[in-house]
Number of protein chains: 2
Amino acid sequence: MRADARRNYDHIVATARVVFAEDGPEASLNEVARRAQVGPGTLYRHFPTRQALLVAVFRERIDRLCALADELAAEPGGDGGAGEAMGAGGAGREAGEALTAWSQALLLHAQTDGGLSATMGDDPGFDCHTRLRAAATALVDRALRAGAIRADVVVDDLFQLVTGIAMTAPKERAEHLLSLALGGVLRG
Amino acid sequence: MRADARRNYDHIVATARVVFAEDGPEASLNEVARRAQVGPGTLYRHFPTRQALLVAVFRERIDRLCALADELAAEPGGDGGAGEAMGAGGAGREAGEALTAWSQALLLHAQTDGGLSATMGDDPGFDCHTRLRAAATALVDRALRAGAIRADVVVDDLFQLVTGIAMTAPKERAEHLLSLALGGVLRG
DNA sequence: ACCTGAACACCGTTCAAGT
DNA sequence: ACCTGAACACCGTTCAAGT
């Protein structure tokens with residue numbers, strides 16, 4: 001990558017971060033190009049779709065979310081064995097708490113600066129949604145094995161509840177709504 | 001209202017119903033005007049905002065939802081008295097079932113032809129959201145008095161959960177998600 | 001190789017001119 | 001009193017022409 005191209009790329013991402021924060025994820029791409037002082041063609045060369053630009057802007061945050069999921073999944077108290085299928089033991093409680101904690105982090109991300117848009121639409125090459133889904137799967141599976149959540153819950157349920165709440169609820173109510181929704185997901 | 005104006009009005013609504021069903025609630029208003037064979041100015045004269053047009057298209061459906069809420073709220077088994085605050089009695093169960101049934105109807109409406117958009121944004125003069133909210137309040141209050149739902153639940157929680165699910169979940173999964181979410185709302 | 005920016009087809013919205 | 005449709009300022013996106 002040539003030096004001027006690299007500079008343009010970085011400058012576009014930095015500008016887009018500001019513009020998305022101001023105007024939301026539907027912000028005008030021409031406006032981004034204008035403020036980054038490049039032609040619209042240059043923006044489209046680097047980021048052929050809006051998704052691609054959103055992903056570039058939110059990449060770090062998504063990395064952090066994946067890392068958090070990995071940490072939480074690696075904690076002790078994972079499996080509870082067959083005898084603990086009803087989730088009465090401490091392992092079930094910890095698995096449920098880990099899932100709750102991660103859901104809260106995902107909700108916070110989705111609510112901040114339109115992080116949701118970057119996270120959801122699938123995108124060849126990076127595919128945030130798939131990565132987050134994989135990270136979350138470990139947590140959900142562990143909770144299922146420990147009997148901490150309803151047996152008919154799947155990973156996508158978690159995503160759809162969290163993203164739905166992020167889209168509709170005012171910021172102050174979102175946590176409360178998540179606690180309601182998780183109340184139906186968790187057991188006991 | 002002059003005869004030709006009335007005819008234009010009706011024709012615009014009928015055309016919009018088709019176009020919204022085809023292209024979703026973000027469909028081009030110029031396209032609606034074109035297909036209704038009126039100038040864009042005529043459309044804007046009758047419907048100063050997109051909301052106003054959406055409301056006109058979905059008015060009947062919203063009326064039906066309000067009527068359903070009224071019926072369900074008028075059913076027997078409403079209050080359980082102070083002694084039944086833990087929701088153990090049949091009245092609590094019925095109040096919970098009524099709330100569940102109405103939530104399912106609201107979900108169905110929100111999922112069909114972008115009914116959500118018409119329902120939500122507030123709109124002086126008709127204000128679907130306010131009307132639906134009032135209708136739902138009776139059901140939620142009754143459920144609260146009967147102890148059928150968590151004490152910290154408010155009407156808006158119900159709306160935000162249902163609309164969030166309608167926005168994010170694929171049609172086939174929506175009912176399952178609603179059952180999860182209501183599992184956290186309901187008691188027992 | 002990469003950038004530029006004029007150009008295209010659209011959008012929502014308005015408003016002078018008509019009937 | 002109501003309708004018309006050209007016009008305006010925008011949008012996303014493309015692509016010949018430049019360096």
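Sequence lines set the chain letters: A, B, ... in the order given, protein chains first and strands last, and positions in each chain run from 1.
Remark: the A:H109 side chain and the A:T119 side chain contain an N/O donor-acceptor pair separated by less than 3.5 Å.
Side chain of A:D10 to main chain of A:R7: no donor-acceptor pair is present (N/O by atom type, distance under 3.5 Å, no hydrogens or angles).
Salt bridge annotation for B:R35-B:E22: present, with a cationic side-chain nitrogen under 4.0 angstrom from a carboxylate oxygen. One finds no salt bridge joining B:D156 and A:R173 here, because no Lys/Arg side-chain nitrogen approaches an Asp/Glu carboxylate oxygen to under 4.0 Å. The pair B:R17-B:D113 does not count as a salt bridge, with every side-chain nitrogen at least 4.0 angstrom from each carboxylate oxygen.
Counting any heavy atom pair closer than 4.0 Å across all strands shown, B:A3 reaches no nucleic acid atom.
Atom CD of A:E97 is surrounded by more than 12 heavy atoms from other residues, nucleotides or ligands within 6.0 Å. Around atom CD of B:E60, no more than 12 heavy atoms belonging to other residues, nucleotides or ligands sit under 6.0 Å away.
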Checklist line | Candidate pair B:D141 and B:R145, rule salt bridge (charged side-chain N to carboxylate O under 4.0 Å, His left out), full reasoning | finding: CA-CA 6 Å; B:D141 282 353; B:R145 282 197 306 272; 5.1 Å; no

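Using a 4.0 Å cutoff on non-hydrogen atoms, the parts of residues 29-55 of chain B near DNA chain D are B:V38, B:G39, B:P40, B:G41, B:T42, B:R45, B:H46, ordered by number.
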Check: So what does the secondary structure string of DNA chain D come out as, 5' to 3', with Watson-Crick or wobble pairs under 3.5 angstrom, [ ] for crossing and | for pairs with another strand?
Finding: ||.|||||...|||||.||

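Side-chain rings of B:F47 and B:Y9 approach one another, their centers coming within less than 6.0 Å.
For the pair B:Q160/A:I165, no side-chain contact is recorded, criterion being any heavy-atom separation below 4.5 Å from C-beta on.
First and last contacting nucleotides of DNA chain C toward chain B (any atom under 4.0 angstrom from a heavy atom, 5' to 3' order): C:dC11 to C:dC15.
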